[in-house]
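This structure is a prediction, so every number in the text was calculated from the model and none was measured.
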Amino acid sequence: LEGLGLQLAEVSAPASFDISEVREGVLDVVGSDLAQVDINHLYTAGVATPSSESGYSPRDAMSFPEDTDTLGLRIGMIDTAVDVAHPAFSGSHLQTQHFGSDASKSPQFHGTAIASMLSAQSAEYSGIAPASHLFAASVFERDGDRGEVASTASLVKALDWLAREQVEVINISLAGPPNRLLEAVLNRVHERGIPVLAAAGN
């Protein structure tokens, strides 16, 4: 993880393993101040329900500084994939990267909705900061049994990419358990001066 100055190791283990024992063994070898050990937890995406009703545009929902239109912000987003061919992005500066195992299984609805609220730029629709550069990290994939899920490893890799792209703020939409690796990476992102905003619930 070059952007954050960390290393990530993914290790397969039998279903019967004890995470506490494994953590204790690893930390005894490498030192508790040099490593974190945790399960590669799964996280779920926010559920955005399509509607035929027209709602508020983001810019009408609340007030923003007058120069928000022209700010060339570097915004990071961790979500599902974005439909980059959507007309709302016809004038947008949008860069995407997928961090799951199979990009073809990545859903698009939620990520497209959030990206449009942030940086859409078209004749019909404008996001909060249409002149921004949006770096959209896709981490979710469709799983037959569990719905739309992302792993801790994919989240960590996405955060590292956004740090390397020198974004100024990161928006995350997900729900899931506490995780020591994710916490350590978020702390490192914070040390880089990048605020991270995460949706709580939906």
Check: Hey, is CD on Gln95 packed in by over 12 heavy atoms from elsewhere, all under 6.0 Å?
Finding: yes

Margin query: Testing Ile128, Val169, Ile170 one by one against Ile75 for a side-chain contact (heavy atoms from CB on, under 4.5 Å), which residue passes?
Written below: Val169

Checklist line | Polar side-chain atom of Ser92 near backbone of Gln121 as donor-acceptor pair, under 3.5 Å | finding: yes

Margin query: side-chain contact (heavy atoms from CB on, under 4.5 Å), that's the test. Do Leu155 and Ile78 meet it? Break it down for me.
Written below: CA-CA 8 Å; Leu155 291 169; Ile78 296 178; 3.7 Å; yes

Margin query: Between Tyr43 and Pro177, is there a side-chain heavy-atom distance shorter than 4.5 Å?
Written below: yes

Next item on the list: Verify the cluster assignment for Val11 and Phe17: are they in a single hydrophobic cluster under the rule of side-chain heavy atoms below 4.5 Å apart?
Entry: no

Notebook entry, point to check: Ignoring hydrogens and geometry, is there a side-chain-to-backbone donor-acceptor pair from Asn179 to Ile39 under 3.5 Å?
Noted result: yes

Notebook entry, point to check: Which pair of heavy atoms, one from Thr112 and one from Gln108, lies closest together, and at what distance?
Noted result: OG1-O, 2.7 Å

Notebook entry, point to check: Out of curiosity, does Leu197 fall in the hydrophobic cluster containing Ile194 (side-chain heavy atoms, cut-off under 4.5 Å, transitive links)?
Noted result: no

Next item on the list: Please report the shortest heavy-atom distance between His133 and Gly72, naming the atom on each side.
Entry: CD2-O, 4.2 Å

Note to self: Tell me the closest heavy-atom pair linking Asn40 and Ser151, and the distance in Å.
What the structure shows: OD1-CB, 3.4 Å

Item checked: Value rounded to 0.5 Å, distance of CD in Glu24 from CG in Asp18 -> 9.5 Å

Next item on the list: Could you tell me whether the side chains of Asp79 and Ser173 share a donor-acceptor contact shorter than 3.5 Å?
Entry: yes

Notebook entry, point to check: At what distance, to the nearest 0.5 angstrom, does CG of Leu174 lie from OG1 of Thr80?
Noted result: 11.5 Å

Notebook entry, point to check: Is Leu1 linked to Val196 within one hydrophobic cluster, defined over Ile, Leu, Val, Met, Phe, Trp and Tyr using a side-chain heavy-atom separation of less than 4.5 Å?
Noted result: yes

Item checked: Shortest non-hydrogen contact from Ala137 toward Phe99 -> CB-CE1, 3.8 Å

Check: Out of curiosity, Met117 CE to Met77 CE, how far, rounded to the nearest 0.5 Å?
Finding: 9.5 Å

Margin query: Any non-hydrogen side-chain atom of Glu183 less than 4.5 Å from a side-chain atom of Pro178?
Written below: no

Next item on the list: Give a yes or no answer on whether the side chain of Glu2 reaches the backbone of Arg164 with a donor-acceptor pair at less than 3.5 Å.
Entry: no

Next item on the list: Take Glu141 and His98, measure what side-chain contact (heavy atoms from CB on, under 4.5 Å) needs, and give me the verdict at the end.
Entry: CA-CA 10 Å; Glu141 294 175 4; His98 182 69; 3.4 Å; yes

Checklist line | Distance-minimising heavy-atom pair for Asp38 and Arg180 | finding: OD2-N, 2.8 Å

Margin query: Can you tell me how far apart OG1 (Thr44) and CZ (Phe140) are? Round to the nearest 0.5 Å.
Written below: 6.5 Å

Check: Are Arg188 and Glu191 within salt-bridge range, i.e. N to O under 4.0 Å?
Finding: yes

Check: Hey, are the side chains of Ser122 and Ser90 touching, using non-hydrogen atoms and a 4.5 Å cut-off?
Finding: yes

Margin query: If we ignore hydrogens and angles and just use 3.5 Å, is the side chain of Arg74 paired with the main-chain N or O of Glu165 as donor and acceptor?
Written below: yes

Note to self: Just checking Glu168: does its CD atom have more than 12 heavy atoms from other residues, nucleotides or ligands closer to it than 6.0 angstrom?
What the structure shows: yes

Margin query: Would a single hydrophobic cluster contain both Val84 and Phe109, if residues Ile, Leu, Val, Met, Phe, Trp and Tyr are joined by side-chain heavy-atom contacts under 4.5 Å?
Written below: no

Next item on the list: From the options Leu182, Val167, Leu6, Val139, select the one residue that forms a side-chain contact (heavy atoms from CB on, under 4.5 Å) with Leu159.
Entry: Leu182

Note to self: With side-chain contact (heavy atoms from CB on, under 4.5 Å) as the criterion, how do Leu134 and Phe89 come out once you've worked through the C-alpha distance, each side chain's angles and the decisive distance to 0.1 Å?
What the structure shows: CA-CA 11 Å; Leu134 182 64; Phe89 304 116; 5.5 Å; no

Notebook entry, point to check: If you round to the nearest 0.5 Å, how far is CD1 of Ile114 from CG of Leu118?
Noted result: 7.0 Å

Item checked: Heavy-atom pair with the smallest gap, counting every atom of Ala136 and Leu94 -> CB-CD1, 4.3 Å

Check: With no hydrogens and no angle check, is any side-chain donor or acceptor of Thr152 less than 3.5 Å from a backbone partner on His41?
Finding: yes

Margin query: Side chains of Asp69 and Pro130, heavy atoms from C-beta outward: is any pair under 4.5 Å?
Written below: yes

Margin query: Check the orientation of Trp161 and Phe135. Use parallel for under 30°, tilted for 30 to 60°, and perpendicular for over 60°.
Written below: perpendicular

Next item on the list: Would you give the length of the straight line joining atom CG of Leu162 to atom CG of Leu4, rounded to the nearest 0.5 angstrom?
Entry: 9.5 Å

Check: Hey, quick one: are Phe64 and Leu73 part of the same hydrophobic cluster, counting side-chain heavy atoms closer than 4.5 Å, chains of contacts allowed?
Finding: no

